[in-house]
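Working notes for the structure below.
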Amino acid sequence: MESERVQITEEKLLSDNWYVLKRYTFNYLGKNGQWTTQQREAYDRGNGATILLHNPQTDTVILTRQFRLPTFVNGNSNGGPSSGMLIEACAGLLDNDDPQTAILRETEEETGYRIQSVEKIMEAYMSPGSVTEKLFFYIAEYTDDTERNGGGGIDEEEIDILELPLPEALAMMKRGEIMDGKTIMLLQHLRLKQLTQTMV
């Protein structure tokens, strides 16, 4: 794993308890033409996909709410007694599937909706200073007639499913009640898309 400016000299496994945490020692060629030796840690949990379901007839969106320990330890008090609860767009890891297959699976597991087609809108690294994960972003339409089975997650997941008017979701974002980065990006994308269509 090398480039003209980066030479990895050591890769040390620090943990593989949940996902994989490694420390890398590497030589880096600066703009001044000098090589320096640096160390960084990188957390590898694989790539993922996320989706925002939107009903254009009612202008509502489907979001989820679940407990997220890292937000709890960082002081997330949204939800009152349920501190650590986070409102998010449906998402999950690819688990060796292609992104579209993975997001269709995650959509049904988390929300119960069986979506037939999705629109890919972007790819993004969400925390590039420490996590290798790249997210694939999708939007999809649903209606009152869309087939739905269960939802709520699998195994230890306890996921609440929220159907919210888009204006309310945007207001919740402004009030700090929706603080998840991927969800904010998807909500803003959808709103900008609506505004663009209105201007045409």
_Please find the pair of heavy atoms, one from H54 and one from P56, that lie closest to each other, and give the distance._
O-CD, 3.3 Å

*Atom pair CG/CG of L187 and L192 - distance to nearest 0.5 Å*: 11.0 Å

_T132 side chain to D44 side chain, donor-acceptor N/O pair below 3.5 angstrom_ = yes

*Same hydrophobic cluster for Y113 and L166, using side-chain heavy-atom links shorter than 4.5 Å among ILVMFWY?*
no

*Is I184 reachable from L186 through a run of I, L, V, M, F, W or Y residues, each pair having side-chain heavy atoms under 4.5 Å apart?*
yes

*Of the options I51, I161, I159, L63, which is the one that meets C90 in a side chain to side chain contact (heavy atoms under 4.5 Å, CB included)?*
I51

*Test item: T107 side-chain N/O and I103 main-chain N/O as donor-acceptor pair under 3.5 Å*: yes

_Test log, rule salt bridge (Lys or Arg N to Asp or Glu O under 4.0 Å), inputs R65 and E158_ = CA-CA 9 Å; R65 179 173 54 210; E158 293 184 346; over 6 Å; no

*Would you kindly say whether Q116 and Y142 are connected by a side-chain donor-acceptor distance under 3.5 Å?*
no

*asked:* With a sphere of 6.0 Å drawn around CG of N96, does it hold more than 12 non-hydrogen atoms of other residues, nucleotides or ligands?
replied: no

*Side chains of E88 and T64: do they bring a donor and an acceptor to under 3.5 Å?*
no

*Assess whether side chain to side chain contact (heavy atoms under 4.5 Å, CB included) is satisfied between R105 and D95, documenting all intermediate values.*
CA-CA 11 Å; R105 179 193 70 236; D95 292 332; 3.7 Å; yes

*Please tell me if the side chains of R23 and Q39 come closer than 4.5 Å, counting only heavy atoms from C-beta onward.*
yes

*Give, for atom CE of M85 and atom CD of E177, the distance between the pair rounded to the nearest 0.5 Å.*
14.0 Å

*Could you check F137 against K182 for side chain to side chain contact (heavy atoms under 4.5 Å, CB included), going step by step and ending with a plain yes or no?*
CA-CA 8 Å; F137 287 71; K182 64 182 180 295; 3.8 Å; yes

_Exercise: identify the closest heavy-atom pair between K134 and Y125_ = CB-CE2, 3.8 Å

*asked:* Determine whether E163 and V61 satisfy the following criterion, side chain to side chain contact (heavy atoms under 4.5 Å, CB included), listing intermediate values before the conclusion.
replied: CA-CA 6 Å; E163 184 173 29; V61 294; over 6 Å; no

*Please say whether more than 12 non-hydrogen atoms of neighbouring residues, nucleotides or ligands are located less than 6.0 Å from CE in M173.*
yes

_Working note: L86 + Q66, criterion side chain to side chain contact (heavy atoms under 4.5 Å, CB included); need CA distance, chi angles, decisive distance, verdict._
CA-CA 6 Å; L86 201 67; Q66 61 184 305; 5.9 Å; no

*Between M185 and L162, is there a shared hydrophobic cluster once you connect ILVMFWY residues whose side-chain heavy atoms come closer than 4.5 Å?*
yes

_What I want to check is whether the side chains of T71 and N74 have a donor and an acceptor closer together than 3.5 Å._
no

*asked:* Pairing donors with acceptors under 3.5 angstrom, does anything connect the side chains of Q194 and R191?
replied: yes

*Roughly how far, to the nearest 0.5 Å, is the CG atom of L69 from the CG atom of N76?*
11.0 Å

_Does any part of the side chain of V118, heavy atoms only, come nearer than 4.5 Å to the side chain of Q100, both counted from C-beta?_
yes

*Classify the side-chain pair Q38/N27 by whether it contains a donor and acceptor separated by less than 3.5 Å.*
no

_How long is the straight-line distance from CG of L93 back to CD of E106, given to the nearest 0.5 Å?_
7.5 Å

*asked:* Side-chain heavy atoms nearer than 4.5 Å, only ILVMFWY residues, links allowed to pass through others: does that put L53 and L190 together?
replied: no

*When rounded to the nearest 0.5 angstrom, what is the spacing between CG in L21 and CG in L13?*
8.0 Å

*asked:* For residues L135 and V131: do they belong to one hydrophobic cluster (side chain heavy atoms under 4.5 Å, members Ile, Leu, Val, Met, Phe, Trp, Tyr)?
replied: no

*Crowded around F72 CZ? As in, over 12 foreign heavy atoms under 6.0 Å?*
no

*Gap separating the CG atom of N47 from the CD atom of E123, nearest 0.5 angstrom*: 9.0 Å

_Any R5 side-chain heavy atom under 4.5 Å of Y28 side chain_ = yes

_Closest non-hydrogen atom pair, S83 against F67_ = O-CE1, 3.4 Å

*State, with a plain yes or no, whether a side-chain heavy atom of E4 is found less than 4.5 Å away from one of L29.*
no

_Nearest atoms (heavy-atom pairs only) where A140 meets S117_ = CB-O, 3.6 Å

*Do you know which of E41, E11, R40, K12 makes side chain to side chain contact (heavy atoms under 4.5 Å, CB included) with K22?*
E11

*Using the ring of each side chain (for Trp, its six-membered ring), is Y19 parallel, tilted or perpendicular to Y43, with breaks at 30° and 60°?*
perpendicular

*How about L94 and P99: do any of their side-chain heavy atoms sit closer than 4.5 Å?*
yes

*T143 and N55: which non-hydrogen atoms are nearest, and at how many Å?*
CA-ND2, 3.6 Å

*If you look at every heavy atom in A89 and T183, which pair is closest and at what distance?*
N-OG1, 2.7 Å

